[in-house]
Structure formats: structure tokens, C-alpha cells
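Here the structure comes first, spelled out in C-alpha cells, and everything after it is commentary.
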Amino acid sequence: MKGIIGVAKYLDDNAEMLANEIVQEISQNPNFEALEEELEQAIIVYTEFIRFLGKSLLSIENNVPEGLVEWSKANGKRTASQGERISIIITRYPPTRLVFIDCLTKISIEHGLFSEEVVFINKQFNYLLDISINETVIVFEQVKDEMIKKAQQEVLKLSVPVVPIQDGMAVLPLIGSIDSERAEYILENVISKILEMKIEYLIIDFSGILNIDTIAERYLFDIYSVLRLQGIEVMMSGIRPELAQTVVRNGINFSSIKTYATVKQAIETQKS
């Protein structure tokens, strides 16, 4: 145990120096590619990890050092926010692991450790590294999912604009494919915007629609019903024959809704 304590102290006292040496050796691997600033960041990360490893060697139980999990989560969050791909991160671990093991084995031998003690240190290193990888990847994916969700919300906002065309009248042009998520967004967000704009007549234009699923059709009918209850007259334009046939086949009754071939026709009807 005395030898392991000596190694633990050595790791803590020389963490930054060891991190520099490890990064230098890893960077010489022909399959390892990284920018200079990434190598500098790696030195900071490995310095902290080496200190965590030193603390774990002094623990009687096989406990994870306090702070390692949060530190790993912070690494995952930072990496995701920098736009890195998870595949690039994962492919860097095998050469990193080998260099670390060589370094730890050399230090252990220099401190006169028995073979079982050398094995213990390397097992502890692998245990902590795997925990760190797991936490880093989990948080990386969470942050990426949040970023994707936020981007999707921005796209939804842009994909369902309410366009005023004259006092009390606006057009809601629908473009592309309408699925349940997009239809639900209209129901939950666009309706409130229409009410704020004090719209009296709304033209929902389908001329740019590529396809629409059954659930989305029912959402759109709900949107029509909600707006009608608010005293807004809703008209629809640009419904192609094949889209109309699909709607009828799916049991949606649009007979009570005023429909027009084009937005222009709908506007002219209101003027007259």
C-alpha cells in the first residue's frame, strides 16, 4: 500500500507535467488529429483527470472521486457547445487509453510496485476513464438534443408565418410537409398570434403543401374550429384535388369551410 500511496502523491504533484507528456505522445499518433487549441485543452482536461486518479488510489473503497462526474459532464457540455461530433471524441479514446496505461505502468515500476499493484492502478484508471466517458457522452447527447430541439422550434416559427395583407385580414401560407408536430405548433402558438393581431379574416393557403398526414389534418380542423369560436372567419385556398380526396377519405368534413382556388380569389370575395 505504501508504494501505491507514493504513486498517488506523484500523480498529484506532477499532474500537469504528465498531462503534457501524454498529450505530446498521443499527438504523434498518425491516426490522431487535433488542432493546437484542442491539444491545449486536452492538457487541462488530463491534468484534472490525473489528479482524480491520484485521489481514487488513496480511497479504501472503490469510490469515484468527488467531482469526477460533474467534471465529466462539464466536458461533455463544453464539447457539444463547440460543435464537435461524438464520433471524433470516441475515436480519440483508444490511443489515449494506451498512452495512459504505458505511462502509469512506467511510474508504478519506478516506484517499486508489485505486479498486482500495477494491475490495480491500471484497473482503477480504466474504471474512472469509462465512468468519465459515459458521463461525457450522456451530457453531450443531452446538450445536442436541446440544441436540435431549439433549432427545430426556430424552423417551425419561420415555417408558419402569419402575413397581414390588409386591415383585419391575413394569410397563413403552409409550405412543405405538414406533420402532427408542425400542426400542433400552429394550434398552440400561431392562434395566439392571430388573436393578438386582431385578425377578422384568415386565409389558410395550402398551395405549397407537399403532403399532410391524418393526425395533422385533424389538428388543422381543430385550428379552424378554435378560430371560428373566436369570431374569426377562416377561408382555405389552394387545396389541390389529390389533397382534397385524401382529406375526404380520412373522414374530415370540410364542407362547412369556404374554399377558394387561390389566395387572390379569397381576397376578392371579401372585397365584394
Side-chain angles (χ1 to χ4, degrees), residues 1-82 84-140 143:
M1 187 65 187
K2 183 178 179 181
I4 291 178
I5 293 174
V7 171
K9 187 176 186 306
Y10 181 84
L11 293 176
D12 189 57
D13 292 342
N14 300 277
E16 188 172 353
M17 178 198 72
L18 293 171
N20 270 280
E21 292 177 357
I22 289 169
V23 169
Q24 285 299 317
E25 187 168 349
I26 294 171
S27 64
Q28 293 173 12
N29 187 313
N31 297 322
F32 188 93
E33 296 182 3
L35 300 174
E36 187 62 35
E37 56 265 29
E38 292 176 320
L39 295 177
E40 292 174 0
Q41 182 61 44
I43 292 172
I44 297 172
V45 170
Y46 292 166
T47 299
E48 289 299 310
F49 182 83
I50 290 169
R51 290 198 173 110
F52 281 128
L53 176 60
K55 290 177 183 178
S56 74
L57 296 177
L58 299 176
S59 176
I60 298 175
E61 300 177 1
N62 195 26
N63 291 331
V64 177
E66 185 178 353
L68 176 64
V69 172
E70 291 305 315
W71 172 80
S72 301
K73 289 180 178 179
N75 284 340
K77 186 175 182 180
R78 184 189 63 252
T79 306
S81 63
Q82 291 174 344
E84 287 274 16
R85 290 181 297 172
I86 195 65
S87 58
I88 293 178
I89 299 171
I90 296 301
T91 55
R92 288 175 180 172
Y93 275 105
T96 300
R97 190 186 297 269
L98 292 177
V99 172
F100 257 99
I101 289 174
D102 287 344
C103 178
L104 292 171
T105 301
K106 179 182 176 182
I107 293 170
S108 299
I109 292 173
E110 289 174 350
H111 281 75
L113 269 61
F114 296 111
S115 57
E116 60 267 24
E117 292 175 316
V118 176
V119 170
F120 167 76
I121 290 176
N122 283 321
K123 283 177 66 177
Q124 191 67 7
F125 159 73
N126 281 294
Y127 173 66
L128 295 186
L129 183 63
D130 288 340
I131 288 176
S132 181
I133 293 172
N134 289 340
E135 295 297 334
T136 299
V137 170
I138 288 170
V139 172
F140 180 96
V143 172

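The structure presented is a predicted model; accordingly, all values stated were derived computationally and were not measured. These values consider heavy atoms only, across backbone and side chains, with no hydrogens, waters or symmetry-generated copies.
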Checklist outcome for this item: In terms of heavy-atom contacts, Ile50 and Ala19 come closest through CD1-N, 3.8 Å
Item to check | From OG (Ser56) to CZ (Phe49), nearest 0.5 Å | outcome: 8.0 Å
Next on the checklist: I'd like to know if Lys106 pairs up with Asp102 as an ion pair, taking the criterion as any Lys NZ or Arg NE/NH1/NH2 lying under 4.0 Å from an Asp or Glu carboxylate oxygen.
Outcome noted: no
Next on the checklist: Nearest 0.5 angstrom please: Ile138 CD1 to Lys73 NZ, how far?
Outcome noted: 8.0 Å
Item to check | Residues Val119, Phe114; criterion side-chain contact (heavy atoms from CB on, under 4.5 Å); working and verdict | outcome: CA-CA 9 Å; Val119 170; Phe114 296 111; over 6 Å; no
Item to check | side-chain contact (heavy atoms from CB on, under 4.5 Å) evaluation trace for Gln41 with Arg78 | outcome: CA-CA 11 Å; Gln41 182 61 44; Arg78 184 189 63 252; 3.4 Å; yes
Checklist entry - What class does the angle between the rings of Phe125 and Phe100 fall in, given that below 30° is parallel, 30 to 60° is tilted and above 60° is perpendicular? => result parallel
Next on the checklist: Using side-chain heavy atoms (C-beta onward) and a distance below 4.5 Å, is Leu18 in contact with Ile107?
Outcome noted: yes
Checklist entry - Checking side-chain contact (heavy atoms from CB on, under 4.5 Å) for the pair Leu11/Leu104: CA distance, chi angles, key distance, verdict? => result CA-CA 9 Å; Leu11 293 176; Leu104 292 171; 4.0 Å; yes
Checklist entry - How close do Ala8 and Gly54 get, heavy atom to heavy atom, and via which atoms? => result CB-O, 3.4 Å
Checklist entry - Can you name the nearest heavy-atom pair linking Ser108 to Ile121, along with the distance? => result OG-CD1, 3.5 Å
Checklist entry - Testing Val118, Leu53, Leu113 for side chain to side chain contact (heavy atoms under 4.5 Å, CB included) with Val7, which one passes? => result Leu113
Checklist entry - Would Ile133 and Ile90 count as a side-chain contact (heavy atoms from CB on, under 4.5 Å) if you check the C-alpha gap in whole Å, the side-chain angles of each, and the deciding distance to 0.1 Å? => result CA-CA 8 Å; Ile133 293 172; Ile90 296 301; 4.3 Å; yes
Checklist entry - What are the two closest non-hydrogen atoms of Val139 and Lys77, and how far apart are they? => result CG1-N, 3.8 Å
Next on the checklist: Which heavy atom of Ile26 sits nearest to which heavy atom of Pro95, and what is that distance?
Outcome noted: CG1-O, 4.4 Å
Checklist entry - If you count the non-hydrogen atoms of other residues, nucleotides and ligands that lie under 6.0 Å from CD in Glu16, is the total more than 12? => result no
Item to check | Side-chain donor/acceptor of Ser27 to backbone N/O of Val23, under 3.5 Å | outcome: yes
Next on the checklist: Regarding Arg97 and Asp130, does a basic nitrogen lie under 4.0 Å from an acidic carboxylate oxygen?
Outcome noted: yes
Checklist entry - Atom CG of Asp12 and atom CZ of Arg51: how far apart are they, to the nearest 0.5 Å? => result 6.0 Å
Checklist outcome for this item: CG of Asn134 to CG of Leu129, rounded to nearest 0.5 Å, is 9.5 Å
Checklist entry - For the residue pair Ser72 and Thr136, what are the closest heavy atoms and their distance? => result O-OG1, 3.2 Å
Item to check | Distance (rounded to the nearest 0.5 Å) between Ile4 CD1 and Gln124 CD | outcome: 9.5 Å
Item to check | CG-OG1 distance between Asn122 and Thr105, expressed to the nearest 0.5 angstrom | outcome: 4.0 Å
